[in-house]
Amino acid sequence: MNTQTAPPETERHFSIVGIAASAGGVLALRDLLSVLPRDLPVPVLVVQHLDPRHRTVIAEIFGRRTPLAVQLAGDGDIVEPGTVYVAPPDHHLLVNRGGRLTLSQTELVHFVRPSADLLFESMAGAYGARAIACVLTGTGRDGAMGVTAIKDRGGTVMIEDPSTAAFGGMPTSAVATGCADFVLPLDEIGAVITGLVGGAADGDTR
C-alpha cells in the first residue's frame, strides 16, 4: 500500500515531526532515525511505550545510530531543530505553541502512558498544518485519535504499512481513521519525512 495525497513540500512549511510506536518500536525507531540527516530543520518528538519499572537507555540506543542529537524529553525544554526528544517512561509528552515541552503523569490513555494521542493532539493545537504525525508498529490503537486531530488541523499523517509492520495494531487503527496521507513500508518513511521538511527555509520550530 502506498498512499500519497499530501501537497508537495514546496507548498507547505513543516515545523515538527511526532513519531509513535509500541511493540517492535525500538528497532523500528532506531532504523528510521538512522536515515534522517544531521541538518534536519525540525525537532522530532518520540513516544515509545516502555516498561515504567526499569530505567531506560533508549536515548543512548537511538543516539548511537542517528546523526541527530537524542535526549529524554525534559519538562520545560524548548525544542530545537535536529534534535530528537523521547518521552520518558510513564510520562505523557506534550508540546505548546512556543515549542515548550510538558511532561505529565495524568491518567493513562488507552491503558498507556506516554500516549501518542495526547502528543499528536498537542502538536495539532500548537502547530496545525505545520505538523507531521507518524505511527509505526505497535499493538492497540494509541495514535488513532491523535492522527485525526492532526488531520483536522491540516497537518500531515504518515503511517507504517500494517502489512509490513512487526505489529499491525496501531498502524491498522490509524489507517482505519481515513486520515493517512502516506502509508509506507518502514524503509521508505525516513526519505519521505526528509523530503517534506527539507524545504523549510528557516528551521522555525516555535
Evaluate the side-chain proximity of Leu136 to Ile189: yes if any heavy-atom separation is below 4.5 Å, no if none is. yes
Set of residues satisfying salt bridge (charged side-chain N to carboxylate O under 4.0 Å, His left out) with respect to Arg153, sequence neighbours excluded: none
Contact list for residues 65-79, test side chain to side chain donor-acceptor pair (under 3.5 Å), sequence neighbours left out: Gln71-Asp77
Tell me every residue that passes side chain to side chain contact (heavy atoms under 4.5 Å, CB included) with Ala166, counting only those two or more places apart in sequence or in another chain. Thr137
Can you find a heavy atom in the side chain of Leu36 that is under 4.5 Å from one in the side chain of Thr194? yes
Would you check if Val42 and Pro81 make a side-chain contact, meaning some heavy-atom pair closer than 4.5 Å? no
Can you tell me how far the CD atom of Glu121 sits from the CE atom of Met145, to the nearest 0.5 Å? 5.5 Å
List the steps, then state whether side-chain contact (heavy atoms from CB on, under 4.5 Å) holds for Phe182 with Asp161. CA-CA 9 Å; Phe182 300 90; Asp161 189 337; over 6 Å; no
Indicate the atoms forming the closest heavy-atom contact of Phe120 with Ala20, along with that distance. CZ-CB, 3.8 Å
Per the salt bridge (Lys or Arg N to Asp or Glu O under 4.0 Å) rule, what does the pair list look like for residues 171-180, sequence neighbours excluded? none
For Thr102, enumerate each residue passing the side-chain hydrogen bond (donor to acceptor under 3.5 Å, both in side chains) test, keeping only those at least two apart in sequence or located in another chain. none
ILVMFWY cluster, Ile19 and Val109 together (side-chain gap under 4.5 Å): no
Mind checking the CG-SG spacing from Leu32 to Cys134? Nearest 0.5 Å is all I need. 6.0 Å
Stepwise, does the side-chain hydrogen bond (donor to acceptor under 3.5 Å, both in side chains) test hold for Asp117 with Ser115? CA-CA 5 Å; Asp117 285 327; Ser115 163; 4.5 Å; no
Give every residue pair that meets the salt bridge (Lys or Arg N to Asp or Glu O under 4.0 Å) criterion with at least one member in residues 102-115, sequence neighbours excluded. Asp90-Arg113
Side-chain heavy-atom pair Ile193, Phe14 within 4.5 angstrom cut-off: no
If we ignore hydrogens and angles and just use 3.5 Å, is the side chain of Arg130 paired with the main-chain N or O of Ala124 as donor and acceptor? no
Ile150 side chain near Thr156 side chain, heavy-atom distance below 4.5 Å: no
Qualifying side chain to side chain donor-acceptor pair (under 3.5 Å) pairs, either residue in residues 20-46, two or more places apart: Ser22-His49
Leu118-Leu103 co-clustered via ILVMFWY side chain contacts under 4.5 Å: no
Using side chain to side chain contact (heavy atoms under 4.5 Å, CB included) as the criterion, list what pairs up with Asp152, not counting sequence neighbours. Thr148
Extract all donor-acceptor atom pairs below 3.5 Å that involve side chains of residues 167-178 and protein atoms in other chains or at least two apart in sequence.
residue	atom	partner	partner atom	Å
Thr172	OG1	Gly168	O	2.7
Ser173	OG	Gly169	O	3.2
Thr177	OG1	Ala174	O	2.6
Thr177	OG1	Cys179	N	3.2

Under a 4.5 Å cut-off applied to non-hydrogen side-chain atoms, are Val192 and Leu184 in contact? yes
Per side-chain contact (heavy atoms from CB on, under 4.5 Å), Leu40 is matched among Val84, Val197, Thr83 by Val197
Atom of His92, atom of Leu108 and distance for their closest heavy-atom approach: NE2-CA, 4.3 Å
According to side-chain hydrogen bond (donor to acceptor under 3.5 Å, both in side chains), who are the partners of Thr164, at least two apart in sequence or on a separate chain? none
Between atom CD1 of Ile16 and atom CE of Met123, what is the distance when rounded to the nearest 0.5 Å? 5.0 Å
With a 4.0 Å cut-off, would you call Asp181 and Lys151 a salt bridge? yes
Show the nearest heavy-atom pair for residues Tyr85 and Ala73, with the distance to one decimal. CB-CB, 4.1 Å
List the atom of Val26, the atom of Gln48, and the distance in Å for their closest heavy-atom pair. N-OE1, 3.4 Å
Shortest non-hydrogen separation from Leu29 to Ala21 and the atoms involved: CD1-CB, 4.1 Å
Are Val86 and Leu45 close enough that some pair of their side-chain heavy atoms sits under 4.5 Å apart? no
Euclidean distance, Ser104 OG relative to Leu94 CG, rounded to 0.5 Å: 5.5 Å
Hey, are the side chains of Arg100 and Val95 touching, using non-hydrogen atoms and a 4.5 Å cut-off? no
